[in-house]
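So you know, we letter chains A, B, ... as the sequences are listed, proteins then strands, and number each from 1. Just so it is clear, the structure is predicted and the values come from calculations on it, not from any experiment. The basis for the numbers below is simple: all heavy atoms, side chains too, and nothing from hydrogens, waters or symmetry mates.
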Protein chains: 2
Amino acid sequence: MLNTRARVSKATVRRIPLYYRAVQQLQQQGVKRIRSERLSEIIHIPSATIRRDFSSFGELGKSGYGYSVDTLVDEFGKLLEVQDAENILLVGCGGLGAALIENNFRRNPDLNITMAFDIDSAKIGTEIGGVPVYDFRELAMRVTPDIKTAIIAVPSSAQPQVIPALEGIGIDAILTFAPQPVVCLPTTTIRYIDLTSELQSLLFTAHHQQLAE
Amino acid sequence: MLNTRARVSKATVRRIPLYYRAVQQLQQQGVKRIRSERLSEIIHIPSATIRRDFSSFGELGKSGYGYSVDTLVDEFGKLLEVQDAENILLVGCGGLGAALIENNFRRNPDLNITMAFDIDSAKIGTEIGGVPVYDFRELAMRVTPDIKTAIIAVPSSAQPQVIPALEGIGIDAILTFAPQPVVCLPTTTIRYIDLTSELQSLLFTAHHQQLAE
DNA sequence: AAATGTTTGTTAATCCATTCACATAGTAGC
DNA sequence: GCTACTATGTGAATGGATTAACAAACATTT
């Protein structure tokens, strides 16, 4: 069923989670079939974009019918590998880090923060939302080999020390909230979430919108 | 000095905060001039992109010299309007909301969360990091007219009630952590930060990278 | 002041993504 | 089974952003 390795564009990859979430909701509502036109209304992505995205994963739909919701849930689930849980470690148990642990992607049982690290001795040895907090200097000792993914919530200044340490223990996917751009191995996939930048560029757009309107 | 309203692309807008942060740091280090080539090494954006972005705000540089760091700090500061403080309200004082308030964009004195709202009576009336928490049902009563910006950190299911209420009191810029897409007024600028999607698409890329490599 | 070297700003080329529009293939009704 | 619909998947057109490459502008040195 999977397409002959048609290249999946980066823009499409960023939309997979949105598709997955939407079709999951439809499935829960008992909806059995969905047209691209109708899905477009729900998630606010043009129907042509939806059809092109979907077609890059194979011929998921049927002409004159639409898509089977169950099929879509299966296919996107496979793409996102939701069947086997992804264990994740988190570095930096300040306000943001602690909030992320508490939350722990509760809606997605396949995403688990299983351990956390900090250098603050007041936090080391404690638990946050059931997740143990270890000394970051014991990283290599504490980490289990199934963990390939890390979330970084440390101050920007500390990040340059954190990344190489993570790469040293086999982490190859990093989500970081420290905006400081950083050099990492070519095998490491890194993504930045920069809250200040998001807010500033949002404000820029909002304040300059009157010109466009 | 400002260019004759050359259109600023969306991609450029998203980079302004990065530029601003970088040139601020250079200024603090006492650096007086910077070439696009050198700046490129620092922020990992190609020098051609930097020059094109900068030129959309006017002729900021000088051939054979580069850019004056002070000039850049001034210009980007003006673009981001950092001189007058932006007061922000936050809705939803759960783990994430509380962490955002505690943090309160401390590095950027012009960004201030000045009040917060929740519907949990245990939180109403308290303070978080010096910011008062009010009853969301008193939104119209409590909000001051200088506030045009809101951050939403409520569960997705609650968001459809929150947005119209905010628009009703004059909010026109919204940053939300609830991924549920939502209809809002054409005058409202909204931006989503979807942590689960970011993580899922990161993992997709990381897991499928071996094919590309 | 002339010559040499440097770096911008921009034109042109390229790349990537979105959108249009429709032939094709399947559905639904009779 | 035949006819009338319907919605996909995709070639072609468009649009937006990035990158290459270089003429023009300025700095610096002699």
Fill in: Exercise: do B/Gln83 and B/Asp110 side chains pair donor with acceptor under 3.5 Å
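Per modelled atom types, B/Gln83 and B/Asp110 side chains form no pair under 3.5 Å.
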Fill in: Test item: A/Leu72 and A/Gln27 side chains (from C-beta on) under 4.5 Å apart, heavy atoms
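Not touching, per the 4.5 Å side-chain cut-off.
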Worksheet item: Got a sec, which residues hit ring pair (Phe, Tyr, Trp, His ring centres under 6.0 Å) with B/Phe204, two or more places apart in sequence or on another chain?
Response: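 B/Phe204 satisfies ring pair (Phe, Tyr, Trp, His ring centres under 6.0 Å) with B/His208 only.
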Practice prompt. Please name all residues satisfying ring pair (Phe, Tyr, Trp, His ring centres under 6.0 Å) with A/Tyr19, sequence neighbours left out, ordered by chain then number.
Written response: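 A/Phe54, A/Phe76.
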Discussion item. Does a side-chain N or O of B/Ser36 approach OP1 or OP2 of C/dT7 to a distance below 4.0 Å, or not?
Written reply: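 No, B/Ser36 has no side-chain N/O under 4.0 Å of OP1/OP2 on C/dT7.
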Item to complete: May I ask you to evaluate whether B/Tyr67 reaches the phosphate of D/dC26, defined as a side-chain N or O under 4.0 Å from OP1 or OP2?
Response: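 No, B/Tyr67 has no side-chain N/O under 4.0 Å of OP1/OP2 on D/dC26.
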Starting at [atom1] of [X] and ending at [atom2] of [N], how long is that distance when rounded to a whole Å?
X       : N      : atom1 : atom2 : value
B/Phe54 : C/dT8  : CZ    : C1'   : 12 Å
A/Phe57 : D/dG9  : CZ    : P     : 13 Å
A/Ile34 : D/dA7  : CD1   : C1'   : 13 Å
A/Leu39 : D/dG9  : CG    : P     : 13 Å
A/Glu37 : D/dG9  : CD    : P     : 14 Å
A/Arg14 : C/dC16 : CZ    : P     : 15 Å

Practice prompt. Name the closest nucleotide to the B/Arg51 side chain, picking from D/dT19, C/dT8, C/dT19.
Written response: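 Shortest atom-to-atom distance from the side chain points to C/dT8.
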Worksheet entry | Within residues 14-31 of chain A or reaching into it, pairs that qualify as salt bridge (charged side-chain N to carboxylate O under 4.0 Å, His left out) - sequence neighbours excluded |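 Only A/Arg15-A/Asp53, A/Arg21-B/Asp194 qualify under salt bridge (charged side-chain N to carboxylate O under 4.0 Å, His left out).
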Worksheet entry | Pairs flagged by salt bridge (charged side-chain N to carboxylate O under 4.0 Å, His left out) wherever residues 144-165 of chain A is involved - sequence neighbours left out |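 Non-adjacent pairs meeting salt bridge (charged side-chain N to carboxylate O under 4.0 Å, His left out): zero.
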Using a cut-off of under 3.5 Å, enumerate the N/O to N/O pairs linking the protein to nucleotides 15-18 of chain D.
residue: D/dT18; atom: OP1; partner: B/Arg15; partner atom: NH1; Å: 2.7
residue: D/dT18; atom: OP2; partner: B/Arg15; partner atom: NH2; Å: 2.8

Practice prompt. Output all residues satisfying side chain to side chain contact (heavy atoms under 4.5 Å, CB included) with A/Glu198, sequence neighbours left out; order by chain, then residue number.
Written response: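 Partners of A/Glu198 by the side chain to side chain contact (heavy atoms under 4.5 Å, CB included) criterion, ordered by chain and then number, come out as B/Leu175, B/Arg191, B/Ile193.
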Worksheet item: In chain order, what residues pass the salt bridge (Lys or Arg N to Asp or Glu O under 4.0 Å) check against A/Arg33, with sequence neighbours excluded?
Response: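 Result, salt bridge (Lys or Arg N to Asp or Glu O under 4.0 Å) vs A/Arg33: none returned.
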Worksheet entry | Sequence-distant partners of A/Asp120, salt bridge (Lys or Arg N to Asp or Glu O under 4.0 Å), two or more places apart |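 Expected list: A/Lys123.
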Mind listing the N/O atom pairs, protein and nucleotides 25-27 of chain C, below 3.5 Å?
none

